[in-house]
Colleague: 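Before I ask anything, let me first share the structure, which is written out below as structure tokens.
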Amino acid sequence: MPRAGCGMLPTPRDADPAGHTTMNDKADKITPRAEDYPQWYQDVIREADLAESAKVVKGCMVIKPYGYAIWEKIQRDLDARFKATGHSNAYFPLLVPQSFMTREAQHVEGFAPELAVVTHAGGEKLEEPYVIRPTSETIIGHFFGKWISSHRDLPMLVNQWANVMRWELRTRLFLRTTEFLWQEGHTAHATHDEAMHEVLKMLGVYGDFAEEMMAMPVIRGIKTASERFAGAVETFCIESFMQDGKALQAGTSHDLGQNFGKAFDVKFQAESGELEYVWQTSWGVSTRLVGGLIMSHSDDAGLVLPPRMAPIHAVIIPIFKNDEERSRVMEAANRLAKALGDIDISEPRARYRDFLEVRIDDRDMRPGAKFYHWERRGVPMRIEIGPKDLEKGQVCLKMRVDGAAGTGKQFLSEAEFLATVRTRLDTYQADLYAQALRRRDERSVTLDTWDQFLDVFKGEGSTFAWCHWDGTAATEAAIKAETKATIRCVPLAGQGPAPEPGRCIKSGAPSAQRVLIAKAY
RNA sequence: CGGGGCGUAGCGCAGUUUGGUAGCGCGUUCGGUUCGGGACCGAAAGGUCGGAGGUUCAAAUCCUCUCGCCCCGACCA
């Protein structure tokens, strides 16, 4: 069966009259993005061996080792950033007394439909059911109440890495699963100003992380009331642009005001001697980030990873025809791998060391099959070493995605290669960011008429649309009802087009600035 | 919860209309030959056909009841 091919790569075997191929007719194929984007997304995850649906547990996923390694990269870097901003990790129970969930009115209302409840344990019906945490504001509020009594106890800055469960009706690997992994930061402060400062600081941490480490450009903004976290006074977010034009909320940071302080009676004695409720914040990112990473950079040949998120940076493919060549080539491969593995590729500002991860693929397979194997997994660099290279003292280098500078295989001396590896990875990282940013900006539009709007969002259509909005929930709901597009955020200063007055795209009422509208995951 | 679809080997499927005791491709295992873009030959392992009940000499196939999953709509990091 002749295959459609893998994007820009030549597939000579397509011409094989016998139709021989090692490809499974359906299972190994990556559907092109243009043909079926959601199917492409699933194919990339399967072929890169990142995760699979748990099947036996509705809506849940198994994160496989290679996918989990990416999550570990995310965790390690964010954790260091949280520590650097003064936060400490802690851990709170998975189960939350049901009565806790009902203390804050908006919070119950928002989460009630998606709670899983434990009613029986130890063979008996529980006196009070537990809910499996959909988030931990309530139980942490309870403990903050016990821990905080004086302004000297503030600020309280904790974070927890945990799993949570939300009974979603429709799930997608990484983007929305019933159970997911995340971190949730929870802080308490003496003043609203201080809490607001925290909220924005952590939004900044998320934005920097997304752009510097994931090479994923984001828009920082404020959620509208209807998109706000249940129980928050204000929700801030980072929104990223996926290749199909949809938006992904990649992180949120909430100003909780005194809502949970009042619900859980978290009071402190101020310097003045007065008892006051604390001002709280919470902020989180989840395994959804992995989905965002996939959709930001990957192509029709499979996963593409920025080096700072890649569990493996380089793979060496030995090439030989017989045992004599094999031993010579393997010796050179081992030597090169050792040298590469010693290269420190740490991000300059990071508080941890990062060394280049390299693998030698010595499996008994054709080299071509190995090329495809590692390409699908998004490994940034491939190095081929064969007898010809040994003769010439060179290595053959192929980057997973060809930068603007050149395409295809490059041949360079081993010394030159080793000396430039670090730079090449940094350039590659920067190129992926630039490409993602260009893609987003080229496809962002400013719209001024409802007809234009309908044209953009008809059917499955979506892109980043900057539009005037009259600020009312009614208009927002009308836009969503008619087009499925939603207001992703009101951009913070410098995050969208410069503010200019105009008229609402839907109602025609006056508006002070444009907001970001798109369909969302 | 409504509408649609599907459960047969690890994966993808055929077989069901017209009952006759399960097959194909890929993968896997073993042996050999191969190896600069998805190799080939030979041998082998692997299935109580989602489950329960019924009809029949005989059920993957017909009947009844169940369970599960996927897709589409209403909610969401």
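Proteins come first, then strands; the chains are lettered A, B, ... in the order of their sequence lines, and each starts at number 1. Being a predicted model, the structure only gives us computed values, none of them experimental.
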Colleague: Within the side chain of A:T252, is there an N or O that forms a donor-acceptor pair under 3.5 Å with the backbone of A:C237?
Modeller: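 Side chain of A:T252 to backbone of A:C237: no pair is present.
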Colleague: Under a 3.5 Å cut-off for both contacts, is B:rU55 paired Watson-Crick or G-U wobble with anything, and if yes, with which nucleotide?
Modeller: none
Colleague: For A:K64 and B:rC11, give me the distance from atom NZ to atom P, rounded to whole Å.
Modeller: 11 Å
Colleague: Round to a whole Å and report the spacing from CZ of A:R363 to P of B:rU29.
Modeller: 12 Å
Colleague: Hunt down the Watson-Crick or G-U wobble partner of B:rG38, both distances under 3.5 Å, from any strand shown, or write none.
Modeller: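 Pair assignment: B:rG38 / none.
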Colleague: Could you tell me if the ring centre of A:F260 sits under 6.0 Å from that of A:H107?
Modeller: yes
Colleague: Whole angstrom is fine here: how far is it from CZ in A:R400 over to P in B:rG37?
Modeller: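 Interatomic distance, CZ of A:R400 to P of B:rG37: 17 Å.
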Colleague: Classify the ring geometry of A:H254 against A:F229: parallel below 30°, tilted from 30° to 60°, perpendicular beyond 60°.
Modeller: parallel
Colleague: Please work out if A:K370 contacts a base, only the sugar-phosphate, or nothing of the nucleic acid, heavy-atom cut-off 4.0 Å.
Modeller: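 Answer is nothing: A:K370 stays at 4.0 Å or more from every strand.
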Colleague: Would you indicate which nucleotide in B:rU34, B:rA77, B:rG38 comes nearest to any side-chain atom of A:E168?
Modeller: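 For the A:E168 side chain, the nearest candidate turns out to be B:rA77.
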Colleague: Using both distances under 3.5 Å as the test, list the Watson-Crick or G-U wobble partner of B:rG25, or none.
Modeller: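 Pair assignment: B:rG25 / B:rC11.
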Colleague: Give a yes/no verdict on a cation-pi contact between A:R382 and A:F371, requiring under 6.0 Å between NZ or CZ and the six-membered ring centre and an angle within 45° of the axis.
Modeller: yes
Colleague: Among A:T119, A:V96, A:L95, which residue meets the side-chain contact (heavy atoms from CB on, under 4.5 Å) test with A:Y130?
Modeller: A:L95
Colleague: Between B:rG20 and B:rA60, how far apart are the C1' atoms? Round to whole Å, please.
Modeller: 13 Å
Colleague: A:F180 stacking on B:rA77: centroids under 5.5 Å, ring planes under 30°?
Modeller: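 A stacking contact exists, since A:F180 sits close and nearly parallel to the base ring of B:rA77.
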Colleague: Please name the nucleotide paired to B:rU61 by Watson-Crick or G-U wobble geometry with both distances under 3.5 Å, or report none.
Modeller: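 B:rU61 is unpaired by these criteria.
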Colleague: Give me the distance, rounded to whole Å, that separates B:rC72 from B:rG27 when you measure between the P atoms they each carry.
Modeller: 31 Å
Colleague: What is the distance, to the nearest angstrom, from the CE atom on A:M365 to the P atom on B:rA39?
Modeller: 8 Å
Colleague: Going by salt bridge (Lys or Arg N to Asp or Glu O under 4.0 Å), name the residues that satisfy it together with A:E324, two or more places apart in sequence or in a different chain.
Modeller: A:R328
Colleague: May I ask whether A:Y372 stacks on the base of B:rG38, given the cut-offs of 5.5 Å between ring centres and 30° between planes?
Modeller: yes
Colleague: Quote, to the nearest angstrom, the P distance that separates B:rG7 from B:rU17.
Modeller: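 One P to the other, the span is 15 Å.
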Colleague: Does A:R103 make a cation-pi contact with A:F100, if we ask for NZ or CZ under 6.0 Å from the ring centre and within 45° of the axis?
Modeller: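 Ring-cation test returns yes.
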Colleague: Using atom P of each nucleotide, how far apart are B:rA52 and B:rG5 to the nearest Å?
Modeller: 26 Å
Colleague: Base, sugar-phosphate, or nothing: which does A:L289 touch, judged by heavy atoms less than 4.0 Å apart?
Modeller: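 A:L289: no heavy atom of the nucleic acid under 4.0 Å.
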Colleague: Does any nucleotide pair with B:rC6 by Watson-Crick or G-U wobble geometry, both distances under 3.5 Å, and what is it?
Modeller: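 The base-pairing partner of B:rC6, which may sit in any strand shown, is B:rG68.
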Colleague: Could you work out, with side chain to side chain donor-acceptor pair (under 3.5 Å) as the rule, every residue matching A:Q183, not counting sequence neighbours?
Modeller: A:N159, A:Y206
Colleague: Using the P atom as the point on both nucleotides, what is the distance between B:rU56 and B:rG19, in whole Å?
Modeller: 16 Å
Colleague: Using ring-ring contact (aromatic ring centres under 6.0 Å, His included), reason through A:Y41 and A:Y37 one step at a time and then give a plain yes or no.
Modeller: CA-CA 6 Å; A:Y41 177 74; A:Y37 192 82; 7.5 Å; no
Colleague: Expressed in whole Å, how much space separates the P atoms belonging to B:rA14 and B:rC6?
Modeller: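 Result for the P pair: 10 Å, nearest Å.
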Colleague: Checking base pairs now: Watson-Crick or wobble, both atom distances under 3.5 Å. What partners B:rC1?
Modeller: B:rG73
Colleague: Taking atom types as modelled, is there a side-chain donor on A:E476 or A:S226 under 3.5 Å from an acceptor on the other?
Modeller: yes
Colleague: Taking only residues two or more places apart in sequence, or in another chain, which ones meet A:D36 in a salt bridge (Lys or Arg N to Asp or Glu O under 4.0 Å)?
Modeller: none
Colleague: Polar-atom pairs under 3.5 Å, protein N or O versus N or O of nucleotides 2-6 of chain B: list them with distances, or write none.
Modeller:
none

Colleague: Could you state the atom-to-atom distance from CD1 of A:I385 to C1' of B:rG36 in whole Å?
Modeller: 13 Å
Colleague: Heavy atoms from C-beta onward define the side chain here; which of B:rA77, B:rG38, B:rG36 lies closest to that of A:A369?
Modeller: B:rG38
Colleague: Give me the distances for all protein-to-nucleotides 43-46 of chain B N/O pairs that come in under 3.5 Å?
Modeller:
none

Colleague: In this structure, how many angstroms lie between the P atom of B:rU34 and the CZ atom of A:R366, rounded?
Modeller: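 So the CZ-P distance, A:R366 to B:rU34, works out to 11 Å.
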Colleague: Report yes or no: do A:T281 and A:T187 form a side-chain donor-acceptor pair below 3.5 Å?
Modeller: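 Yes, side-chain donor-acceptor contact under 3.5 Å.
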Colleague: B:rG27 P sits how many Å from A:D364 CG, rounded?
Modeller: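 Distance check: A:D364 CG to B:rG27 P gives 14 Å.
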Colleague: Could you check how far CD of A:E384 sits from P of B:rC35, rounded to whole Å?
Modeller: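 Atom CD in A:E384 sits about 15 Å away from atom P in B:rC35.
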Colleague: Taking the side chain of A:S286 as its heavy atoms from C-beta onward, which of B:rU33, B:rA77, B:rG38 lies nearest to it?
Modeller: B:rA77
Colleague: Apply side-chain contact (heavy atoms from CB on, under 4.5 Å) to A:N163 and list each qualifying residue two or more places apart in sequence or on a separate chain.
Modeller: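 Per chain and number, A:N163 pairs via side-chain contact (heavy atoms from CB on, under 4.5 Å) with A:Y91, A:L94, A:R133, A:E179, A:L181.
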Colleague: Going by the rule salt bridge (Lys or Arg N to Asp or Glu O under 4.0 Å), which residues pair with A:R76 if we only count those two or more places apart in sequence or in a different chain?
Modeller: A:D354
Colleague: When you compare B:rG50 with B:rG42, how far apart are their P atoms, in angstrom units rounded to a whole number?
Modeller: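 It comes out at 33 Å once rounded to the nearest Å.
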Colleague: At a heavy-atom distance below 4.0 Å, what parts of residues 312-324 of chain A sit against RNA chain B?
Modeller: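 Those residues whose heavy atoms fall under 4.0 Å from RNA chain B, taken from residues 312-324 of chain A in numerical order, are A:I319, A:F320, A:K321.
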Colleague: Pairs under 3.5 angstrom only: tabulate donor-acceptor contacts from the side chains of residues 241-250 of chain A to other protein residues two or more places apart or in another chain.
Modeller:
unit_1 : atom_1 : unit_2 : atom_2 : d
A:Q243 : OE1    : A:R33  : NH1    : 2.7
A:Q243 : NE2    : A:M295 : O      : 3.2
A:Q243 : NE2    : A:S298 : O      : 2.8
A:D244 : OD1    : A:K246 : N      : 3.2
A:D244 : OD2    : A:Y521 : OH     : 2.5
A:Q249 : OE1    : A:K223 : NZ     : 3.0

Colleague: Which is true for A:G386 with a 4.0 Å heavy-atom rule: it touches a base, it touches only sugar-phosphate, or it touches nothing?
Modeller: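 Base, at least one base atom sits under 4.0 Å.
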Colleague: Provide a list of protein-nucleic acid N or O atom pairs under 3.5 angstrom, restricted to nucleotides 68-74 of chain B.
Modeller:
unit_1 : atom_1 : unit_2 : atom_2 : d
B:rC72 : OP1    : A:R170 : NH2    : 2.4
B:rC72 : OP2    : A:R170 : NE     : 2.9
B:rC72 : OP2    : A:R170 : NH2    : 2.5
B:rG73 : OP2    : A:R170 : NH1    : 3.3

Colleague: Have a look at A:T177 and say if it touches a base, only the backbone sugar-phosphate, or nothing, with a 4.0 Å heavy-atom cut-off.
Modeller: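 Base, at least one base heavy atom under 4.0 Å.
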Colleague: Quick one: side chain to side chain donor-acceptor pair (under 3.5 Å) partners of A:W161, sequence neighbours excluded?
Modeller: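 By the side chain to side chain donor-acceptor pair (under 3.5 Å) rule, A:W161 matches A:D79.
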Colleague: If we take the P atom in both B:rC11 and B:rU28, what is their distance in whole Å?
Modeller: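 B:rC11 and B:rU28 have their P atoms separated by 15 Å.
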Colleague: Going by the rule salt bridge (Lys or Arg N to Asp or Glu O under 4.0 Å), which residues pair with A:D43 if we only count those two or more places apart in sequence or in a different chain?
Modeller: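 For A:D43 the salt bridge (Lys or Arg N to Asp or Glu O under 4.0 Å) partners, ignoring immediate neighbours, are A:R46.
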Colleague: Should B:rU18 form a Watson-Crick or G-U wobble pair with both distances under 3.5 Å, which nucleotide is its partner?
Modeller: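 Because no pair has both required distances under 3.5 Å, B:rU18 counts as unpaired.
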